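These figures come from a predicted structure and were not determined experimentally.
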Amino acid sequence: MSQPSTVHLQPQADCRATNMLESRAQECLLQSGRRALCQITCQCSQLGILRLSGEVSSYFLKQLAQETVRRVDGVQGIVNHLYVHSDEN
């Protein structure tokens, strides 16, 4: 007699939670009132680690983006890969 297959729903549930966390973080950046933060990409791991990527014009905006998404419920950590590009060079 064969054993029944085991159905694992956790990865799909994790994927949905990850997508929701990314969406909430992106929404916070959009609602920040800073146009520069609207161009930032948010990616989340299954562990709640949010990765910010893109380009901003100052270290202030880099830090502001990080602090803006820090308050999103479910974010366990932030990896800030924002590149600061200054026109002063």
Side-chain angles (χ1 to χ4, degrees):
M1 191 182 273
S2 65
Q3 293 183 346
S5 302
T6 304
V7 177
H8 297 283
L9 298 177
Q10 190 62 31
Q12 186 176 9
D14 284 348
C15 186
R16 275 195 302 257
T18 297
N19 289 341
M20 288 183 66
L21 189 58
E22 288 173 359
S23 295
R24 289 195 311 261
Q26 198 72 50
E27 188 64 28
C28 277
L29 292 171
L30 291 171
Q31 292 179 354
S32 70
R34 298 280 185 152
R35 193 170 11 153
L37 300 189
C38 297
Q39 305 301 315
I40 294 171
T41 301
C42 299
Q43 294 175 309
C44 187
S45 74
Q46 292 179 349
L47 300 174
I49 306 300
L50 195 64
R51 181 178 187 266
L52 302 178
S53 59
E55 189 175 302
V56 292
S57 61
S58 69
Y59 286 99
F60 170 77
L61 289 172
K62 180 176 180 170
Q63 187 66 31
L64 182 62
Q66 181 173 313
E67 295 308 313
T68 298
V69 298
R70 183 180 308 280
R71 66 175 180 236
V72 174
D73 193 33
V75 172
Q76 300 300 312
I78 300 168
V79 177
N80 192 336
H81 282 198
L82 293 173
Y83 172 72
V84 177
H85 176 71
S86 176
D87 290 334
E88 296 177 8
N89 294 337

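With respect to the salt-bridge test (charged N to carboxylate O, under 4.0 angstrom), the residues E27 and R24 do not qualify.
Between G48 and L21, the shortest heavy-atom distance links the atoms CA-CD2, 4.0 Å. In terms of heavy atoms, A65 sits closest to L37 at CB-CD2, 3.7 Å. When every heavy atom of T18 is checked against every heavy atom of S45, the shortest pair comes out as OG1-O, 3.7 Å.
Side-chain contact of E22 with Q26: a donor-acceptor pair under 3.5 Å is absent, judged by distance alone.
With values rounded to the nearest 0.5 angstrom, R51 atom CZ is found 12.5 Å from C44 atom SG. Separating the CD1 atom in I40 from the CD atom in E55 is a distance of 10.5 Å, to the nearest 0.5 Å. Between the CG atom in L82 and the OG atom in S58 there is a gap of 10.5 Å [rounded to 0.5 Å]. The OG1 atom of T68 lies 9.5 Å from the CG atom of L61; values are rounded to the nearest 0.5 Å.
Residues Y59 and V56 are members of one and the same hydrophobic cluster, defined by side-chain heavy-atom contacts under 4.5 angstrom among Ile, Leu, Val, Met, Phe, Trp and Tyr. No single ILVMFWY cluster, assembled from side-chain heavy atoms under 4.5 Å apart, contains both I78 and I49. By the criterion of side-chain heavy atoms lying less than 4.5 angstrom apart, applied directly or through intervening Ile, Leu, Val, Met, Phe, Trp or Tyr residues, F60 is grouped together with L29 in one hydrophobic cluster.
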Hey, mind stepping through L52 and C42 against side-chain contact (heavy atoms from CB on, under 4.5 Å) and telling me if it holds?
-> CA-CA 5 Å; L52 302 178; C42 299; 3.8 Å; yes
Hey, mind stepping through N80 and K62 against side-chain contact (heavy atoms from CB on, under 4.5 Å) and telling me if it holds?
-> CA-CA 8 Å; N80 192 336; K62 180 176 180 170; 3.4 Å; yes
